[in-house]
Protein chains: 2
Amino acid sequence: MVGPEIERLIQLLARLPGLGPRSARRAALALVKRRDGLLLPLADALTAVAESVRTCSVCGNYDTQDPCAVCRDVRRDGSLLCVVQDVSDLWALERTAAFRGRYQVLGGLLSALDGVGPEDLAVARLVERARSPDVTEVILALPATVDGQTTAHYIADALAECEVAVSGLAQGVPVGGELDYLDDGTLLAALNARRPV
Amino acid sequence: MVGPEIERLIQLLARLPGLGPRSARRAALALVKRRDGLLLPLADALTAVAESVRTCSVCGNYDTQDPCAVCRDVRRDGSLLCVVQDVSDLWALERTAAFRGRYQVLGGLLSALDGVGPEDLAVARLVERARSPDVTEVILALPATVDGQTTAHYIADALAECEVAVSGLAQGVPVGGELDYLDDGTLLAALNARRPV
């Protein structure tokens with residue numbers, strides 16, 4: 001009824017995170033309606049990204065240049081190395097503009113269930129970088145989930161041979177968090193890690 | 001930090017209905033990650049739609065051919081003409097596979113606030129089609145909102161000169177609807193339009 005071209009567009013849009021079949025149909029219709037204002041610019045932007053964006057060979061970030069902007073930036077502190085699960089986490093930390101060190105993207109988390117082992121992640125690459133005398137501290141910015149903490153422990157063990165301090169993100173009450181909406185685990189962690197005011 | 005190409009992609013994705021700035025960033029990342037499996041096919045699909053899809057000169061539907069598949073289909077009942085606000089409503093009715101007549105897309109609703117008058121909609125085109133001796137009934141499948149009902153009344157008046165029956169969609173309890181979750185207006189309409197079992 002809608003023609004194979006539009007049907008194919010709907011199917012591809014539905015594979016984006018956050019879009020289901022129904023919202024993909026709405027998005028496709030919005031694109032067809034705004035051919036010159038949205039559809040063609042989006043097609044151009046996708047082609048530009050496909051042609052220009054590559055993975056940074058140093059840290060695993062995505063950028064149009066290799067090494068990426070973070071790794072090229074000489075004002076950054078090369079002694080701090082922040083380990084993240086994915087590029088999205090790197091972007092989230094960059095948005096805070098609070099961290100001025102460098103990154104290592106793992107590309108996932110250890111998971112016995114999903115069959116993800118250390119050889120599937122950039123652990124060897126991380127240890128290699130941590131061996132450099134420039135690096136003094138490795139910050140494990142990994143999710144506070146079972147897989148995230150398992151991975152953090154594994155990496156801390158792997159880094160034992162390197163002469164670096166290993167730290168993790170603080171756990172506690174999120175900014176703006178109401179106590180009675182927080183889960184027990186978070187409250188317990190916040191209580192145990194209490195600090196003088 | 002993410003490069004102008006990715007930033008532009010995120011901005012364009014955020015203009016799709018259903019995607020905000022945050023989910024657009026997630027979608028862009030998913031696209032970069034799956035370059036060959038998703039990014040390039042989506043770019044191709046967008047280009048194909050831009051090149052092939054046009055507005056049907058008869059009813060206002062989108063299709064790769066003009067007239068569209070619905071208007072070309074000789075098995076359809078030319079005596080029934082269903083008036084819809086937008087192409088998305090036409091698609092929704094087609095998904096039910098219950099209506100075998102033809103359509104007229106209005107392209108919007110009358111709205112004094114938004115400055116939309118009858119000349120902005122396909123009302124003249126609808127009256128012209130309704131004048132044809134083949135057409136016996138015009139079904140107003142317009143939303144049950146103030147603007148939708150205003151538009152329906154205006155169209156019913158405009159069709160008074162044509163020798164066609166004018167009908168509207170039934171109002172009542174939606175299928176699967178629990179009474180205590182329905183608004184008063186819907187319950188009142190369902191009660192007023194009650195029918196023998």
Side-chain angles (χ1 to χ4, degrees), chain A residues 1-13 15-20 22-55 61-65 68-70 86-88 90-92 94-95 97, chain B residues 1-13 15-20 22-55 61-65 68-70 86-88 90-92 94-95 97:
Chain A
M1 151 205 103
V2 297
E5 289 84 0
I6 299 183
E7 203 55 66
R8 170 125 183 90
L9 177 61
I10 293 173
Q11 278 170 14
L12 287 167
L13 286 172
R15 284 163 60 188
L16 292 178
L19 284 182
R22 193 173 278 262
S23 43
R25 188 171 283 116
R26 278 181 62 215
L29 204 61
L31 285 164
V32 174
K33 262 190 203 165
R34 298 168 64 192
R35 187 176 177 280
D36 294 321
L38 191 54
L39 199 157
L40 290 174
L42 184 59
D44 290 344
L46 286 167
T47 311
V49 165
E51 280 169 4
S52 65
V53 174
R54 56 211 76 234
T55 305
N61 189 12
Y62 295 128
D63 201 354
T64 45
Q65 285 172 284
C68 72
V70 175
D86 223 330
V87 177
S88 54
L90 191 161
W91 292 2
E94 281 300 284
R95 280 199 297 279
Chain B
M1 152 206 102
V2 297
E5 289 84 0
I6 299 183
E7 202 56 65
R8 170 123 184 90
L9 178 61
I10 293 173
Q11 278 170 13
L12 287 166
L13 286 172
R15 284 163 60 188
L16 292 178
L19 283 183
R22 193 174 278 262
S23 44
R25 187 170 285 118
R26 278 181 63 213
L29 204 61
L31 285 164
V32 173
K33 261 190 204 166
R34 299 168 63 192
R35 186 175 178 280
D36 294 322
L38 191 53
L39 199 157
L40 290 174
L42 184 57
D44 289 344
L46 286 167
T47 311
V49 165
E51 279 169 4
S52 65
V53 174
R54 57 211 73 235
T55 305
N61 189 12
Y62 295 128
D63 201 354
T64 46
Q65 286 171 283
C68 72
V70 175
D86 224 329
V87 177
S88 54
L90 190 161
W91 291 3
E94 280 300 284
R95 280 200 296 280

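Chain naming here is simple, since letters A, B, ... match the order of the sequence lines and numbering starts at 1 in each. Quantities reported herein were computed from a predicted structural model and do not represent experimental measurements. As a basis for the values below, the full set of heavy atoms in this structure was taken, side chains included, without hydrogen atoms, waters or symmetry mates.
- The main-chain N or O of G37(B) is found under 3.5 Å from a side-chain atom of R15(A) such that the two form a donor-acceptor pair.
- What you find for A30(B) and P17(A) is that their closest heavy atoms are CB-CD, 3.5 Å.
- Both the backbone and the side chain of S88(A) come within less than 4.5 Å of a heavy atom in chain B.
- Nearest heavy-atom pair, E5(B) versus T64(A), reported as atom, atom and distance to 0.1 Å: OE1-CG2, 2.9 Å.
- Between atom CG of residue L42(A) and atom CG of residue L9(B) there is a gap of 6.5 Å, rounded to the nearest 0.5 Å.
- The two residues D86(B) and K33(A) come nearest to each other via the heavy atoms OD2-NZ, 2.8 Å.
- For chain B, no part of D36(A) is nearby; none of its heavy atoms comes within less than 4.5 Å.
- Proximity to chain B (any heavy atom under 4.5 Å) is restricted, for L40(A), to the side chain, taken from C-beta onward.
- Only the side chain of R35(B) comes within contact range of chain A, with heavy atoms under 4.5 Å apart.
- Here the shortest heavy-atom pairing between A45(A) and R8(B) reads CB-CG, 4.2 Å.
- Across all non-hydrogen atoms, the minimal contact from L39(A) to A50(B) is CD2-CB, 3.5 Å.
- Considering only heavy-atom pairs separated by less than 4.5 Å from chain A, the leading option among G18(B), A28(B), P41(B) is P41(B).
- Highest contact tally toward chain A, considering only V87(B), L38(B), T47(B), is held by L38(B) [criterion: heavy-atom pairs under 4.5 Å].
- Across D63(A) and G3(B), no two heavy atoms sit closer than the pair OD1-CA, 4.2 Å.
- Neither the backbone nor the side chain of R54(A) comes within contact range of chain B, judged by heavy atoms closer than 4.5 Å.
- One finds the CG atom of L31(B) at 6.0 Å from the CG atom of L46(A) (value rounded to the nearest 0.5 Å).
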